[in-house]
Amino acid sequence: MTRVLKIWYKIFVDFSNIKFVVVGAGFFGSTVAERIAGDLGKQVLLLDRRAHIGGNSYSEVDPETGIEFHAYGSHIFHTQNESIWRYVNRFSTFNSYMHHVWTTTQGQVYPMPIHLATMNLFYKKSFSPSEAREFLALEIARDAIAQPQNLEEQAVSLIGRPLYDAFIAGYTAKQWETDPKLLPASIITRLPVRFDYDGRYFGDPYQGIPLDGYGSLFRRMLSHPLIDIQLGVDFFDIRALLPQDCLIVYTGPIDRYFNDVAGKLSWRTIDLKRDVAMVPDYQGTSVMNYADKEVPFTRIHEFRHFHPERRYQQEKTLIFREYSRFAQNGDEPYYPINQEFDKKILAAYMDLKEKEQNVYFGGRLGSYKYLDMHQAIGAALVMYEREIKPRVTGEAWVRPSSVLPVL
Ligand code: FAD
Ligand code: UDP
């Protein structure tokens, strides 16, 4: 923030009566702010350094094509938790979009995640589910991995080396630029492996895209008159103006909060290159992955497919090519890499965090966790119910309320 703006804030914005500040208007911060205003009935200041609410889940309509796009890459809402689904449906209805992904390798297109159709196409077979299981068990046994310790071992022990080489190795090399033996196994267990023809990317029963977009969902979520939203404001620029005793929920990067004293956590960022193709349909699906290392991007997003219920124009279509790289100073952090040295740095911040009496840390950046949207909402609801609300009401948390998910 410029010096002029800082002075403007000092003179014209009265922070002296503020009791609750939420830093970051992504799903975590927005959920906490909504609960403080809507459930506790207290005034809350919600800050974001960006010019919009919604964090990385934000969407808006592209003026050239009229197509709603997800500004930070495709975002599909999915959960198996009924209470999180009910909570988010308070702010939007969802369409019936089910996410299916395709992947291209060596000039051939296959369905992703790996399931019976992928296996049969790849091996040019017509395996039944049990035949595929038997076949793959032999492939997996070749590597004799007893206890998978990292991404590569985990993947090979789930699908065998040939499928790993074709669909995972190249994509992962581009996505992480890190030896897959140094990456956590949990990254790959995000993807299911199925021995039937269920090709859904996510197996969750509740799934969809907000009918009028994530931007509208967030506007409704944050429409309570007790929520004061200040955009384009970096918390660290106004922190000194806040009262000492106000309660802060911080969803920015945890290392930045502590001035990187224990070191910088490593992140991957992405570059999204926008293009308009003069065809009604560029790739026939919302997300096409590119598994080969030689193709510089990881995937192409075509946003019209997220809203089959809308009547978009047919002359052109909006696509984003996604390129992945290490985040440097000033880049948006997207994916926590979480190598061993990151875990040590994080542990040091976890200790420092305990000493902060009036600050709660949460969300993807504040917890350094690869959270999906439903997990960010779930974690925020839990923090609100178990920590923030009891602190204000003086009543200890005893049992889940109607909105508290069982996580
Ligand atoms: P964020 O959305 O990152 O919000 C944090 C906010 O804090 C940001 O707006 C930031 O500007 C603000 N902030 C940070 N520091 C400061 C500061 N100092 N002062 C003021 N403001 C600050 N999840 C799914 O469920 N489905 C998907 O399909 C999916 N696809 C994804 C695709 C990509 C490419 C990525 C990167 C993520 C995807 N996710 C998906 C995950 C999803 O984006 C996160 O779950 C969600 O954004 C987490 O919300 P959050 O509030 O924790 O963080
Ligand atoms: N992955 C892969 N090939 C694919 C899709 C995913 O190798 O076609 C690996 C890759 O390492 C990726 C991880 O699986 O980081 C998790 O995939 P997911 O689709 O969950 O990643 P995201 O959508 O969060 O970028």
Side-chain angles (χ1 to χ4, degrees), residues 1 21-32 46-58 70-79 99 101-105 110-114 118 151-152 154-155 159 164 166-176 178 180 183 186-192 201-202 204 207 209 214 218 230-239 249-254 256-257 267-270 272 286-291 298-299 301 306 320 322 324 332-336 362-367 369-377 379-380:
M1 190 161 63
V21 178
V22 175
V23 182
F27 262 121
F28 194 100
S30 296
T31 302
V32 172
L46 175 61
L47 306 173
D48 204 297
R49 64 181 176 201
R50 290 175 175 166
H52 60 75
I53 52 175
N56 278 2
S57 311
Y58 180 69
H70 304 168
Y72 301 89
S74 296
H75 274 68
I76 299 92
F77 199 93
H78 60 97
T79 182
H99 198 38
V101 173
W102 299 82
T103 184
T104 302
T105 178
Y110 298 87
M112 213 36 207
I114 292 166
T118 325
L151 189 155
E152 179 173 324
Q154 182 69 66
I159 54 174
Y164 172 78
F167 297 110
I168 308 297
Y171 187 99
T172 298
K174 291 188 286 186
Q175 172 74 16
W176 298 96
T178 301
L183 290 169
S186 58
I187 291 178
I188 205 68
T189 48
R190 288 169 58 84
L191 300 184
Y201 205 69
F202 308 111
D204 295 331
Q207 211 172 131
I209 307 289
Y214 288 98
F218 278 100
Q230 297 285 333
L231 297 174
V233 179
D234 193 310
F235 166 66
F236 297 102
D237 286 337
I238 59 125
R239 184 184 188 179
V249 176
Y250 175 83
T251 75
I254 189 162
R256 180 162 181 225
Y257 183 88
W267 291 88
R268 297 290 289 172
T269 192
I270 58 171
L272 293 163
S286 51
V287 178
M288 174 67 75
N289 289 357
Y290 286 83
T298 49
R299 50 190 172 183
H301 309 261
F306 286 119
F320 281 7
E322 180 176 326
S324 176
E332 288 293 342
Y334 277 75
Y335 296 96
R364 194 178 57 95
L365 305 166
S367 60
K369 282 194 185 132
Y370 194 165
L371 299 179
D372 276 336
M373 293 181 279
H374 62 288
Q375 293 165 321
I377 294 170

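As the structure lists them, so they are numbered: ligands from 1, and atoms in each ligand from 1.
Counting atoms of ligand 1 from 1 in the listed order, those under 4.0 Å from a heavy atom of G24 are 6 (C), 7 (O), 12 (C). Atoms of ligand 1 lying under 4.0 Å from any heavy atom of I76, numbered from 1 in the order shown and given with element: 24 (C), 25 (O), 26 (N), 27 (C), 28 (O). Near N56, meaning under 4.0 Å from one of its heavy atoms, ligand 1 places the atoms 1 (P), 2 (O), 3 (O), 43 (O), 47 (O). Listed by number with element, the atoms of ligand 1 under 4.0 Å from a non-hydrogen atom of D234 are 17 (C), 18 (N), 19 (N). The L371 neighbourhood of ligand 1 comprises atoms 41 (C), 44 (C), 45 (O), with distances under 4.0 Å to a heavy atom of that residue. Near V233, meaning under 4.0 Å from one of its heavy atoms, ligand 1 places the atoms 19 (N), 20 (C).
Distances from atom 52 (O) of ligand 1 to the heavy atoms of R299, R364, H99 put R364 nearest. Between the choices P333, A25, G26, the shortest heavy-atom distance to atom 4 (O) of ligand 1 belongs to G26. The residue from S57, P253, G55 that puts a heavy atom closest to atom 47 (O) of ligand 1 is S57. With atom 15 (N) of ligand 1 as the reference point, the heavy atom nearest to it among G362, A380, G252 is part of G252.
Proximity of I270 to ligand 1, defined as any heavy-atom pair under 4.0 Å, is confined to the side chain (atoms from C-beta onward). Contact annotation for Y335 and ligand 1: only side-chain heavy atoms (C-beta onward) come within less than 4.0 Å of the ligand. If you look at R256 next to ligand 1, the close heavy atoms, those under 4.0 Å, all belong to the side chain.
Taking a cutoff of 4.0 Å between a charged side-chain nitrogen and a carboxylate oxygen, D234 and R239 do not qualify as a salt bridge. Between R50 and E332 there is a salt bridge, since at least one side-chain N of the basic residue sits less than 4.0 Å from a carboxylate O of the acidic one. Using a 4.0 Å cut-off between charged nitrogen and carboxylate oxygen, D237 and R49 do not count as a salt-bridge pair.
In this structure, the ring of Y257 has its center less than 6.0 angstrom from the ring center of Y250. Two rings, from F218 and Y58, have their centers 6.0 Å or more apart. Taking the centre of each ring, H52 and Y72 come in below the 6.0 Å mark.
Ring geometry for Y201 versus H99: interplanar angle over 60°, hence perpendicular rather than tilted (30 to 60°).
Taking R364 as the reference, N56, W267, Y334 meet the side chain to side chain contact (heavy atoms under 4.5 Å, CB included) condition, with sequence neighbours excluded.
Looking at K174, its side chain does come within 3.5 Å of a backbone N or O of Y290 through a donor-acceptor pair.
Sorted by chain and number, the residues within 4.0 Å of ligand 2 by heavy atom are M112, F167, I168, Y171, T172, Q175, W176, I187, I188, R190, L191, Y201, N289, R299, Y335, Y370.
In this structure, CD1 in I187 is found 5.5 Å from CG in L151, a value given to the nearest 0.5 Å.
In this structure, I53 and D48 have side chains that are not in contact, with every pair of non-hydrogen atoms separated by 4.5 Å or more.
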